[in-house]
Amino acid sequence: MPRYNPAVIEPKWQAYWAEHKTFAAPRLPGDRKLYVLDMFPYPSGDGLHVGHPEGYTATDIICRFERMRGRSVMHPMGWDAFGLPAEQHAKKTGTPPRVTTEKNIATFRRQLQMLGFSYDWDRELATTDPEYFRWTQWIFLVLFDTWFDDAEQRGRPIAELPIPADVTAAGAERVRRYQDEHRLAYQSEAPVNWCPALGTVLSNEEVIGGLSERGSHPVVRLPLRQWMLRITAYADRLENDLDKLDWSESIKALQRNWIGRSTGAEVDFFIGQAAADGQAKMSGADVKAWRAARSTGGFPRSAGDAAIRVYTTRPDTLYGATYMVLAPEHPFVTRLTRPEQAAAVQAYCERAARKSDLDRTDLAKEKTGVFTGSFAVNPVTSRPVPVWVADYVLASYGTGAIMAVPAHDTRDYEFAVEYSLPIVPVVDPPETAGVDRDAVLAGKAVFTGEGTAINSGPYNGLPTDQFKEKITADLAARGQGRKAVNYKLRDWLFSRQHFWGEPFPILHELDAQGNLTGLMRVVPPEQLPVDLPELEKFQSHGSPEPPLEQAPPEWLFQTIDGRRYKRETNTMPQWAGSCWYYLRFLDPRNAGALVDRELEKAWMPVDIYIGGAEHAVLHLLYSRFWHKVLFDRGYVSGAEPFQKLVNQGMILGEMELTGYQTADGGWASAAEIDSSDEGNLLLKASGQPVKSARVPFEQAEKTGEAFVLKARPEVRLESRAHKMSKSRGNVVNPDTVVREYGADALRLYEMFMGPLEATKPWSMDGVNGVRGFLDRVWRMITSERSEQLELNPAVREVELSAEQNRVLHKTIQGVTQDIERMSFNTSIAKMMEFTNYFLKCDVRPRAAMQTLVLLVSPLAPHMAEELWQLLGHEKTLAYEPWPVFDPAAIREDNVEIPVQIKGKLRARVTVPLGASAEATEQAARADARIAELLAGQTVVKVVVVPGRMVNFVTK
RNA sequence: GGCCGGAUGGCGAAAUUGGCAGACGCACGGGACUUAAAAUCCCGUGGAGGGAAACCUCCGUGCGGGUUCGAUUCCCGCUCCGGCCACCA
């Protein structure tokens, strides 16, 4: 019985494609271009995972399909190759990261080529290649040279930044510093997670509960000079432009959520100069004077020393603000702390400083805080409100200070209960709110929804939304507040204390003593790339400084025009290289520009981008940000890089039995475990098999002749799939699958499992099933009798019967539509139906076989090429025209339609295609069974959808 | 807690605009071929009931309501599962 032999056929065609450069993309596309991009992988030491080929197969099918439909296709692949694992491996073994990386890339390349993807391998790139990261550094220089013009909402060259007169007057150095403060790439002190025991800086994800993920060593937070990118400047555009993109609403929602735009108001609470000095309570005269100054002077850029500025989304609850909270890092904390509270406040702030953000959120349940001893004035009630310090207020959001409204904010309520602070309800919940209204009005419960204003002076009776508008305007008129917008999005911390990343093209000026002056200069673009130096050792050096501090002096120091400079020793994060790789693919060897403008204009944007949902936020947001900067500066022609985005679902491990109950409701017992095959027990009960319930041997013990399940019989029969993980031992290796079933089977199976975007479990039996389909196609077309490969004698040069023609054209139509909709699982089902039908035909017209080979070729290209050759063609089928279906061939003369009585199916009748509603109804009434059932009934109504169904409604 | 997604046979799933629920595949059962097994081919396979049989009846798309001649599909209210974010004022 001949079976398709992938071990021979697949390498043969892979070699053919490589030799003929079958899938080389044209430099410039024709008038119908298609740029199809996969999220390029990080080449880890574990090799390819079965999750990778899922998205890659989907894009490959689209590319092969569209090439056959005459489109110019760009389909490249590369490596996101910087990353910490190679550096950690270097620390352990001394193997340089570049060596490890190249080895891993070689493995990934081999595995991807083994799967027969139609990449243009001449465009392969790696982010770690100096000729690549030269342009990553170049883009950093663009960011460094750009400021964001709020009025025009776009990035502009730093040379166009207006300099205030007082800055100009202060001299050239002051001007440079002013410019530095406005660049999209700027420096700032930011805390890092320093682990002294490991001698390294850790990412937030590597710190769990204040201890390192590896080894559980203490981690401390240290401020360090870091590079930041001003992504917040682009927050509005990043949010608004989502509307133009063909992305799923869920991914858009994820990005919107991350950007986290909210509108509300900023409000100033008077504290007075005296209070600010921690000396005495403010006087009524101070308040009056401050108010008078504000009502004529307007709302200043900053609150000044005499007021605490807060941000709130609920200005309508201002009358219920009974206390205030400052974040422990708030600059006013020290000044507002009275001597008698100083010890407590200082202790609290020190404790908070040691906690990471994660720790703070872990303790979300228990609110802690400490009173400063000072008071501020509620701007509308004029009552003094106590000022507290608590770590449930974050320094990094809003103004780092809040007005607390315990009646209408859950966190404030918890805090107020804990510290017995007054709770004043100011929103009357509507009847429909589903809360205990009396409790809310008594200050015994919290209500966070909208309602009607109470206890709010002149605003009483206003609904929440009107109240917000009115009070914001009133505060603005008095110079005590203004409308404000806030974002959860923070500026992007862009530097890492790692070796294996892109060096920054920045030099820091040194003074005569060798200290940083704070001034810097860029490495000019023509001197890029700044390559990584050779490092002697990768051992930890016991300081939070970056590894590049250990670089040889000739790399580290430079003298230019008589001044000494030290290189920046931080490196860029892994996101940097992946932010713009889609541009480089278009022109990968260009030594004069990151991408030729004509090529960029011709190929961009990416038409289809497929990858995992784990990059739904960060990578896609960062890429869009960089692209917008490049767009503002005129280097790319569009504002968005990825027009259509599809997220493939996760592939889980095989289903595992977690408990069992027999089909008839009884319990399986050891005696009823009937047979076993490799690695599994097959459960039987009451003579009936428990449908496909397989128990891995590890869950059962053999005692004598019987098997005893370790699982307990009172547990229901349940099976469940889990994420693939090394620790669970359920990771499927693509090499094994290809060796056993072939690349075409792996590709086909991953597409047949279910919808691309769904999460779905792996099943080796399923792989075997689609392999069976490939064998059936093979047998349908090739000879079963001869040793030599030849056409099956049933395949003959004959006309198709009308029925065969109908099956053929229905298949063409269905497969074409399904691939267009990316519904690959159903397209495969339709080809299976075709094969099931034609295998039963004693004569299989050659034309039909040839068409099927073309239809299956995007999914199973190796076998298709082999069959195509057998059918007498010399060249690859990669550019054969895609089959077109003939509507006339599909049309049937008669249609069978269901006849219902009161919505229940009672009969089927056959009517001519295009029969009128009357004719259809007559045909239905003429049916013997329907006539019988309708006899003596009163038909109230007849619903006829011609060609679809008939429904008689009786009384 | 917030946002998003999902729930259909023993399992993965299909049903494109509200119109014959379960295509296709797996698993399982029966049969053919075979000394035997594998492979292959044929038949059956949502549940319950009735019938010698052809067939027939009822129930059935997580739960409870609603709209409709008709709901897996639309609306309202829940339950459970998964993902992401999470003291964002």
Side-chain angles (χ1 to χ4, degrees), chain A residues 1 3 248-254 256-258 260 262 264 310-314 317 325 357 360-361 363-365 367 390-394 396-399 401-405 409-412 414-415 448 486-490 613-614 616-617 649-650 652 655 663 682 684 688-694 717 719-721 749 752-755 757-770 772-773 775-776 779 784 817-818 821 823 825-826 828-833 836 839 896-905 907-908 940-943 945 948-954:
Chain A
M1 194 62 61
R3 290 183 93 202
S248 71
E249 282 308 313
S250 63
I251 296 291
K252 288 186 185 180
L254 229 49
R256 286 203 184 95
N257 211 328
W258 191 264
S262 70
V310 301
Y311 170 75
T312 177
T313 55
R314 292 296 299 271
T317 61
V325 184
D357 289 348
R360 283 203 194 177
T361 59
L363 299 170
K365 286 268 167 194
K367 297 274 179 296
D391 66 5
Y392 81 89
V393 172
L394 306 176
S396 51
Y397 184 77
T399 60
I402 62 156
M403 63 178 213
V405 186
D409 181 284
T410 315
R411 300 149 298 179
D412 297 344
E414 287 168 4
F415 192 80
T448 58
N486 248 301
Y487 302 93
K488 287 193 215 171
L489 184 69
R490 313 287 158 81
E614 67 273 20
V617 178
M650 209 191 327
L652 305 175
M655 302 281 283
L682 185 63
K684 284 196 174 189
Q688 293 291 313
V690 177
K691 319 269 182 162
S692 82
R694 284 170 181 277
L717 173 68
S719 52
R720 195 181 169 132
Y749 172 66
F752 191 59
M753 290 169 88
E757 302 193 58
T759 303
K760 43 214 178 273
W762 187 266
S763 157
M764 273 307 176
D765 285 334
V767 183
N768 196 40
V770 293
F773 163 66
D775 287 332
R776 283 159 67 80
R779 274 199 302 275
E784 300 189 15
Q817 281 178 359
D818 285 348
R821 291 189 303 142
S823 175
N825 52 336
T826 53
I828 294 166
K830 278 161 192 155
M831 289 188 274
M832 286 172 167
E833 286 182 78
N836 291 344
L839 267 173
E896 190 189 62
I897 61 167
V899 182
Q900 300 172 348
I901 293 175
K902 285 180 96 171
K904 292 200 175 193
L905 178 69
R908 297 183 174 92
V940 187
K941 188 175 176 185
V942 183
V943 182
V945 183
R948 279 288 206 185
M949 48 73 64
V950 179
N951 189 8
F952 291 102
V953 187
T954 56

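Quick note on labels: first sequence line is chain A, next is B, and so on, each numbered from 1.
Following rounding to the nearest Å, A:L254 (CG) and B:rC3 (P) show an atom-to-atom distance of 13 Å. Between the OH atom of A:Y749 and the C1' atom of B:rG12 there is a distance of 7 Å, rounded to whole Å. Distance A:K760 NZ to B:rA14 P: 10 Å, rounded to the nearest Å. As rounded to whole Å, 11 Å separates atom P of B:rA71 from atom CE of A:M949. Spacing between atom CD1 of A:I897 and atom C1' of B:rG70 amounts to 15 Å, rounded to whole angstrom units. Residue A:L489 contributes atom CG, which lies 15 Å from atom P of B:rC85 at whole-angstrom precision. The CZ atom of A:R948 sits 6 Å away from the P atom of B:rG19 (whole-angstrom rounding). Whole-Å rounding puts the A:I901 CD1 to B:rU57 P distance at 10 Å.
Comparing B:rC4, B:rU16, B:rC20 by their nearest atom to the side chain of A:R821 picks out B:rU16. Minimum atom distance to the side chain of A:P761 is reached by B:rG12, of the listed B:rG19, B:rU16, B:rG12. Considering only side-chain atoms of A:P898, the nucleotide from B:rC20, B:rC4, B:rG25 that sits closest is B:rC20.
If A:G754 and A:M403 are placed on RNA chain B by their nearest nucleotide, the residue sitting closer to the 5' end is A:G754. The 5' end of RNA chain B is approached more closely, in terms of each residue's nearest nucleotide, by A:Q900 than by the other of A:Q900 and A:G398.
Across all strands, A:T313 comes closer than 4.0 Å only to sugar-phosphate atoms, never to a base (heavy-atom distances). Base engagement by A:Q817 is indicated by at least one non-hydrogen atom pair under 4.0 Å involving a base atom. Within 4.0 Å of A:M753, counting heavy atoms only, lie sugar-phosphate atoms of the nucleic acid but no base atom. If you check every strand for non-hydrogen atoms under 4.0 Å, A:S262 touches sugar and phosphate atoms only. Here A:R490 lies in heavy-atom contact (under 4.0 Å) with a base. When heavy atoms are screened at a 4.0 angstrom cut-off, A:N836 is found touching the sugar-phosphate backbone but no base atom. Across all strands shown, A:E757 has no heavy atoms under 4.0 Å from either base or sugar-phosphate atoms. Across all strands, A:R908 comes closer than 4.0 Å to base atoms (heavy-atom distances). As judged by a 4.0 angstrom heavy-atom cut-off over every strand, A:K904 is placed among residues touching the sugar-phosphate backbone only. Within 4.0 Å (heavy atoms only), A:E896 reaches at least one base atom of the nucleic acid. A:G769 comes within 4.0 angstrom of sugar-phosphate atoms only, judged by non-hydrogen atoms across all strands, and of no base. A:N486 comes within contact range of no nucleotide atom at all, as no heavy-atom separation falls under 4.0 Å.
Residue side chain A:N951 reaches the base of B:rC69 through a donor-acceptor N/O pair under 3.5 Å, judged by distance alone. Not a single donor-acceptor contact under 3.5 angstrom links the side-chain atoms of A:K488 to the base of B:rC85.
Using a 4.0 Å cut-off, no side-chain N or O of A:N825 falls inside it from OP1 or OP2 of B:rA23. Contact between the side-chain N/O atoms of A:R779 and the OP1/OP2 oxygens of B:rA39 is not found at any separation under 4.0 Å. For B:rC41, the OP1/OP2 oxygens have a side-chain nitrogen or oxygen of A:R776 closer than 4.0 Å. The side chain of A:K941 contributes an N or O atom lying less than 4.0 Å from OP1 or OP2 of B:rC69.
Between A:N951 and A:K941 there is no side-chain heavy-atom pair separated by less than 4.5 Å. A:Y392 is listed as a side-chain neighbour of A:I402, based on a closest heavy-atom distance under 4.5 Å.
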Task: Dot-bracket encoding of pairs in RNA chain B, which uses [ ] for pseudoknotted crossings and | for another strand, Watson-Crick or G-U under 3.5 angstrom - done: (((((((..(((......[....))).(((((.......))))).(((((....)))))..(((((..]....))))))))))))....

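Between A:P755 and A:N825 the shortest heavy-atom distance is N-ND2, 3.8 Å. Shown here for A:R821 and A:D818, the closest heavy-atom pair between the two residues is NH2-OD1, 2.9 Å. Nearest approach of A:V310 to A:T399, heavy atoms of both residues: CA-OG1, 3.3 Å. Contact record, A:S262 with A:Y397: OG-OH, 3.2 Å, taken as the closest heavy-atom pair. The shortest non-hydrogen separation linking A:M403 to A:D412 is O-OD2, 4.0 Å.
Taking CD of A:E757 as the reference point, atom CD1 of A:I251 lies at 8.5 Å (rounded to 0.5 Å).
One C1' atom belongs to B:rG50, the other to B:rG31, and the distance between them is 27 Å to the nearest Å. Separation of the P atoms belonging to B:rG25 and B:rG64 is 34 Å when rounded to the nearest angstrom.
Atom CZ of A:R948 has 12 or fewer neighbouring heavy atoms from other residues, nucleotides or ligands inside a 6.0 Å radius.
Because its glycosidic torsion is within 90° of 0, B:rG9 is reported here as syn.
A:E249 and A:K252 are joined by a salt bridge, as a carboxylate oxygen and a charged side-chain nitrogen come within less than 4.0 angstrom of each other.
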